[in-house]
Each structure stands twice: as C-alpha cells, then as structure tokens.
Amino acid sequence: MCEDSHGGLGRRALFMTGAAAALTLGSVSFASAADGDQESRTVRGTLPPGSPDFVYVPVEVPAGVRELKVAYTYDRPAVPAGTLGNALDIGVFDERGTELGGRGFRGWSGGARTEFFLRADDATPGYLPGPVREGTWHIALGPYTVAPQGLSYEITITLTYGEPGEAVEPVYPPERAKGRGRAWYRGDCHLHSWHSDGRRTPAEIGELARAAGLDFINSSEHNTHAAHAHWADVAGDDLLVMLGEEVTTRNGHVVALGTDPGTFVDWRYRARDNRFGRFARQIRRAGGLVVPAHPHATCVGCNWKFGFGEADAVEAWNGPYTPDDEVALADWDSMLVASVRDGRDWIPAMGSSDAHRSPDAVGSPQTVVLADDLTREAIQEGIRAGRSYVAESARVTLSFRASGGRGEHAGIGERLAVGRDTPVTVRLEVTGAPRCTVRLVTDQGVVHTSAPLPVAGSGVVEWRTTPSYAAYVRAELRHEAAAGPLPGPLAAFTNPVFLGRG
C-alpha cells in the first residue's frame, strides 16, 4: 500500500473542471500487476469550510484491472450547537470523464456507504457494473457540509488485476401491468431502496407496496439509476414499476418520474448556474415527468430554489404530514390562484411516502390517479392532467365532481364549462375517513367547512356556487386538530375542479 497526501485546497495540484463549483486534485497512479494481484493507494486531505460542491480525485487505472474498490473515512469533530458538522458524499466516474451530463457516471452512494466496488459482472448497490477500463477515473467527493475545523478525509483505492469477467445484460420491468381499463389507480412515486440511502431491498418494497393496496410505484434513488435493472422481478400483473431518479441538487430535489430504463440525470449544479432547464428537458425527452419534491423541506439542500416553470407536477405532501407540507400545500394553492388569474396552465399536486426504512410506511401518502389503463404512459398522462387526489392510505376513497343545471359535469382535474352565473353543485363523497372534517377551498380561500364525518368514516358533502364566485374548487379532508384554531393534519386532498369557460 502506498500513501499520498493532498493537503488543503490551496495546493497547486488543484484546477477547475468543466462541472460547476468543482475542483480536481492531483492524480493517483498505479502500475500494472499480474493476474490476481491487488494494489492499493491511500490518499488523505482536508477540505476547509466553503469548499466547492464537488472535489474530484483522479485515479490513473492501468490495463488489466478486474475490480476497483474504494473505501473512505472522514472526521466528525464536535461542533457548537446550531453549527453544521461534517458530511462527505462519494461516488465515481470512469475514464469517460466528469463532464456535466454524466457520460462517465458509474455510481453514487452519497453518505450511505463507507466503501464500494465495481467490476464487469457486479457492483455495490448504487453503482453500475461494467468493465474497469484503462484511463483516468475520478473519485467524486461531495462535501455536503463542512465543520468550522475543516473536513479531514482518507480514501483507499484498491485495484484487483485479472480477467474482467462476463458483463451482465440489464433486464428492466415491463411498462404495462394488467390493470382494470379506465379506473382509479393508487401509487407511490417517491421511494428509496438500498440502491441509495434506503435500507429495504426492491423485493421488500414490492411486498409493502402490494400490502398497501398500491397499483404502481416509481424507483427514485438519489442521484443514481443503478436500481433500474433490479426491479424486473418485483413487477407483476398486479404492480407496475416505473423507473426514475431523485435528482438531489444542493438547491432542492426533483423526482424524475417514469423515465426510460437506464436514464441518468445529472445533479451537479445550483439554481444560480441556470442549468436545471437542460436536465428538465432531458427528463421529458426520456419520457418522464418533472416533479419537484418536498419543496419546503427544512433539511440542508432540500428547499426548492429552481422555480416551477419546468414542473409537470409538484409533491405537496411528502411522508408523514408535517408543517412543511402545510406550507407546500398553501404555496401550491397560491400557484393555482395565479394560474386562473393570469390564464396560465396550472401545475397539479401529488403526494408520496419518500419511504427509506422501517418504520417509514410505503404508500403513506399515495397518489390516486384516474388513468385509461395501468401503463407507464397512461399513469403519467393522468398525473400530468391533474386527474388525481392524494390519500393517506388505501382506506380513503373520494369521489369529487361539479355539476351544472343541465346535466353538465366535471371531475377532478377537469373543467365545468358553464357561464359565469350558472348555478353549480359541488359534491364530495368520502369513505374511510372517520371523524375527518371536509374543507372546500377556492381561489377565494376556505369557503366551506363540514361537521366531522361519522365514526364509520363515510359521508357526502355538497356546496353550491357559481363560476363568478369560484374559479376552481378543491377538497381537503382533515383529521381533528389536537388543539387551537389550526386545522388538523391531512387525511386526503384533491386536485381542483375548474368552473367556467376559462
């Protein structure tokens, strides 16, 4: 084993790369060796506060390498209360380079693992198997947060020499499940397995999804598509598995929902770099939807800073209902008001569990979509059109529609095209929501609050209005408030029904 030191960021070995806010250190070299031999190098360094988002360690890989393995550690000094400590993410790019767009991307584990390996026939979850070809590889370090004392790290790179082995051909899940024709289908589009920072296998997630009454799910690992080839055995006639990624930038996260198999979406940019639009368009070219996730979450880097001009939908409810979801719901409602005021397209809302590990509940919440069939394309079309509502579980079922006086009617995500002064009846039918209160919300705010539903959980709420008074109506089901005047947590909410000719 050989050792090297990169020291601090001020050394001359550093130079700027093509990726935004990144620096590259001096390279680590290996000499060729005989089959079966192993050779290791250890490098150490310290990153100061204010380090760039990404720091690359070049590794000169010779010919004849069977396996590359990387292990790393970093210090976690005590910091004052309210001060962020050290957190260092890691991944790797192969000899094709680190250019933005990820042509050389081979894997990312963030801070979920302390080591990983790659070879032709296998790789650590989160990493892509394939040959370890000759050339300059790059270990990618992401100093997520750096303590005032700096972040001291140690990386050990081990090469094993020999025949590469036979590459594995990926097998992906089908884009269609059996379905029930045009129907309401339940899904959870934001989930994490052990292929990023989750603790469940895809098989375990599939079992929990079926138990939660789901018809579809979406694979959304942080900054890697390596899980795509591990879902084929989970899918079945009763469960559609779509493929995607949670693109986890330093200025917010976005779910790429239902992209083509093998699609990688880069995350190495901030809002000020003006690059998000490029990757939003890539998601759509790959057949996916662009869905900003937990836009008002309080974790470092989670708050959405890119605006909603590229969004196909927005995740207004993420996991257990918390104050940041309440803010996200109110912000989404403000966007609805602006859309009807300005005559612009509106952005539908959805909800997902963001489940990582026990006790996170898969399918809580879940998005219930009216789709023509249980296929990737049909589910996406329903989400994009806003023909959906969000429920805390499969126990909650809603029917929500608006009707005019001459038999006209419209459902969730649709428009009731009647005159401004035409009387309109809004009707909500509910099951599975004991003691919940129904709130009807329009562009004027909350216009109707019902008495609590009976303990049996079923009920009907009607309200009458005109398009001149309400440009849209949406429904919320709220649990009883613990105390005070604030509304209780959500049990369900709908996308709006629009009123008037538009």
Side-chain angles (χ1 to χ4, degrees), residues 110-112 186-200 202 204-214 216-223 227 242 244-249 252-257 289 291-304 311 313-333 348-369 383 388-396 432-433 436 476-479 481-482 486-495:
R186 295 175 178 269
D188 190 346
C189 294
H190 187 167
L191 294 160
H192 296 279
S193 76
W194 67 359
H195 288 273
S196 59
D197 61 344
R199 292 292 178 269
R200 292 165 171 150
E204 289 169 334
I205 292 173
E207 182 178 349
L208 292 169
R210 288 177 166 96
L214 300 184
F216 65 92
I217 58 176
N218 180 69
S219 171
S220 55
E221 309 295 357
H222 292 285
N223 296 344
M242 297 188 290
E245 179 185 335
E246 184 176 7
V247 184
T248 307
T249 81
H253 304 182
V254 62
V255 173
L257 196 166
L289 301 183
V291 184
H294 45 66
H296 292 278
T298 56
C299 47
V300 175
C302 294
N303 196 266
W304 185 250
V314 60
E315 189 183 75
W317 184 355
N318 175 277
Y321 198 75
T322 56
D324 63 274
D325 296 302
E326 191 71 41
V327 174
L329 187 68
D331 191 40
W332 170 65
D333 189 73
M350 57 188 303
S352 297
S353 72
D354 199 1
H356 284 68
R357 60 188 66 83
S358 180
D360 298 352
V362 172
S364 182
Q366 54 192 246
T367 299
V368 190
V369 183
I383 292 172
S388 63
Y389 64 89
V390 180
E392 63 182 356
S393 74
R395 292 187 301 273
V396 180
C436 285
E476 297 176 359
L477 269 70
R478 298 273 183 165
H479 289 286
L486 295 177
L490 278 178
F493 74 91
T494 73
N495 275 298

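Values below: all heavy atoms of this structure, side chains included; hydrogens, waters and symmetry mates excluded.
Remark: the backbone N or O of Glu392 is paired with a side-chain donor or acceptor of Ser364 at under 3.5 angstrom. A donor-acceptor distance shorter than 3.5 angstrom exists from the side chain of Arg478 to the backbone of Gly488, with no hydrogens or angles considered. Between the Gln366 side chain and the Ala391 main chain, no donor and acceptor come within less than 3.5 Å of each other. Using a distance-only test at 3.5 Å, with no hydrogens or angles considered, no donor-acceptor pair links the side chain of Asp197 to the main chain of Ala112. The backbone N or O of Gly351 lies less than 3.5 Å from a partner atom in the side chain of Thr367, making a donor-acceptor pair.
In this structure, Trp304 places its CH2 atom where more than 12 heavy-atom neighbours from other residues, nucleotides or ligands lie under 6.0 Å away. By the neighbour-count criterion of 12 heavy atoms within 6.0 Å, atom CZ of Arg357 is densely surrounded, having more than that number from other residues, nucleotides or ligands. Around atom CD of Glu326, more than 12 heavy atoms belonging to other residues, nucleotides or ligands sit under 6.0 Å away.
Note that the CZ atom of Arg200 and the NE2 atom of His192 stand 12.0 Å from one another [nearest 0.5 Å]. Expressed to the nearest 0.5 Å, how far CG of Asn318 lies from OG of Ser352 amounts to 7.5 Å. Rounded to the nearest 0.5 angstrom, His222 NE2 and Ser196 OG are separated by 5.0 Å. Between atom SG of residue Cys189 and atom CG of residue Asp354 there is a gap of 12.0 Å, rounded to the nearest 0.5 Å. Between the CG atom of Leu214 and the CD1 atom of Ile205 there is a distance of 11.5 Å, given to the nearest 0.5 Å.
Residues Ala433 and Leu477 approach most closely at CB-CD2, 3.4 Å, considering heavy atoms. Contact between Ala293 and Glu246 at its shortest, heavy atoms only, is CB-OE2, 4.2 Å. When every heavy atom of Asp325 is checked against every heavy atom of Trp317, the shortest pair comes out as OD1-CA, 3.5 Å. Between Pro348 and Trp332, the closest heavy-atom pair is C-NE1, 3.9 Å. The nearest pair of heavy atoms linking Gly213 to Ala394 is CA-CB, 4.4 Å. Annotation for Val362 and Ala355: closest pair CG2-CB, 4.1 Å, computed over non-hydrogen atoms.
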Could you give me the CA-CA distance, side-chain angles and deciding distance for Glu204 and Ser193, then say whether side-chain contact (heavy atoms from CB on, under 4.5 Å) is met?
-> CA-CA 9 Å; Glu204 289 169 334; Ser193 76; over 6 Å; no

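For the side-chain contact (heavy atoms from CB on, under 4.5 Å) criterion with Met350, the lone passing option out of Val314, Val369, Ile383 is Ile383. Each of Leu329, Val327, Thr322 was compared with His296 under the side-chain contact (heavy atoms from CB on, under 4.5 Å) criterion, and only Val327 meets it.
For the residue pair Ser220/Asn218, the side-chain donor-acceptor check at 3.5 Å is not satisfied. For Ser353 and Asp188, the side-chain atoms include at least one donor-acceptor pair closer than 3.5 Å. Side-chain contact, Asp324 with His294: no donor N or O sits under 3.5 Å from an acceptor N or O.
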